[in-house]
Amino acid sequence: MDCIFCKIVAGEIPSKPVYEDEWVYAFYDIAPQAPTHVLVIPRTHIASANDVTEENAELLAHIFAAIPKIAQLCGLENGYRVITNVGEDGCQSVRHLHFHVLGGKKLPETMV
Ligand code: AMP
């Protein structure tokens, strides 16, 4: 499968790691939109949040349990934002489920 984030998980494309475990990989976004901008992805390929099911919900719970650890590692004790874009209208450019963790400053109140 020609998926850039699968290649990052496999180490075929370099990335700057922040956190990793059996199910999750987190790394710095190549084009940061905030002082801290980390992408949190499942190691297995799930196309988007629209492909979350009862069968893979445990993995999603694990991702959300990892996010506070990632925030702590990044020093985001004052808060942060978690975003996932879905599909064409959501402007999802990489079709491998990922959560943007953004922080390091007071973020704009809305993103639209
Ligand atoms: P989205 O537009 O929600 O699909 O987000 C995709 C994100 O992946 C964007 O913020 C890109 O900057 C980021 N991105 C794309 N390629 C890479 C890469 N090789 N390493 C790190 N981040 C990347």
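Indexing begins at 1, ligand by ligand and atom by atom, following the structure's order.
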What distance separates I63 CD1 from I46 CD1, expressed to the nearest 0.5 Å?
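If we round to the nearest 0.5 Å, I63:CD1 and I46:CD1 are 6.5 Å apart.
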
For this output row, return yes or no: ring centroids of H98 and H96 closer than 6.0 angstrom.
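Centroid distance H98-H96: not below 6.0 Å, so no.
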
Looking at Y25 versus F5, is the centre-to-centre ring distance below 6.0 Å?
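Judged by ring-centre distance (under 6.0 Å), Y25 and F5 do not meet the cut-off.
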
If the plane angle is over 60° it's perpendicular, under 30° parallel, otherwise tilted; pick one for W23 and H62.
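Plane angle over 60°, so perpendicular.
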
Return yes when atom CD of E12 has more than 12 non-hydrogen atoms of other residues, nucleotides or ligands closer than 6.0 Å, and no otherwise.
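Enclosed: over 12 neighbouring heavy atoms sit under 6.0 Å from CD of E12.
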
Donor-acceptor pair, distance only, cut-off 3.5 Å: does the side chain of R81 make one with the backbone of H100?
no

Okay, side chain of N56, backbone of L59: is any donor-acceptor separation there less than 3.5 Å?
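Between the backbone of L59 and the side chain of N56 there is no qualifying donor-acceptor contact (under 3.5 Å).
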
Identify, for [atom], the protein heavy atom at the shortest distance, and state residue, atom and that distance.
{"atom": "atom 4 (O) of ligand 1", "value": "S93 N, 2.7 Å"}
{"atom": "atom 7 (C) of ligand 1", "value": "D29 OD2, 3.5 Å"}
{"atom": "atom 16 (N) of ligand 1", "value": "I4 CD1, 3.8 Å"}
{"atom": "atom 18 (C) of ligand 1", "value": "I8 CD1, 3.8 Å"}

Hey, is F99 touching ligand 1 through its side chain, its backbone, both or neither, going by heavy atoms under 4.0 Å?
neither

Per atom 6 (C) of ligand 1, closest listed option by heavy atom (K16, Q92, H98):
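Minimum heavy-atom distance to atom 6 (C) of ligand 1 goes to H98.
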
Closest candidate by heavy atom, reference atom 14 (N) of ligand 1, pool I83, T84, I30
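When every heavy atom of I83, T84, I30 is considered, I30 comes closest to atom 14 (N) of ligand 1.
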
Below 4.0 Å from any atom of ligand 1, is there a heavy atom belonging to C91?
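True for this residue.
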
Taking only heavy atoms of [X], which atoms of ligand 1 are found under 4.0 Å from at least one of them?
{"X": "H100", "answer": "1 (P), 3 (O), 5 (O), 7 (C), 10 (O)"}
{"X": "A31", "answer": "12 (O)"}
{"X": "Y28", "answer": "21 (C)"}

Would V94 count as being in polar contact with ligand 1, using the rule that some N or O on each side must be under 3.5 angstrom apart?
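Looking only at distances, the answer is yes, because the N/O contact criterion of under 3.5 Å is met.
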
If I apply the N/O under 3.5 Å rule, does N85 come out as touching ligand 1?
yes

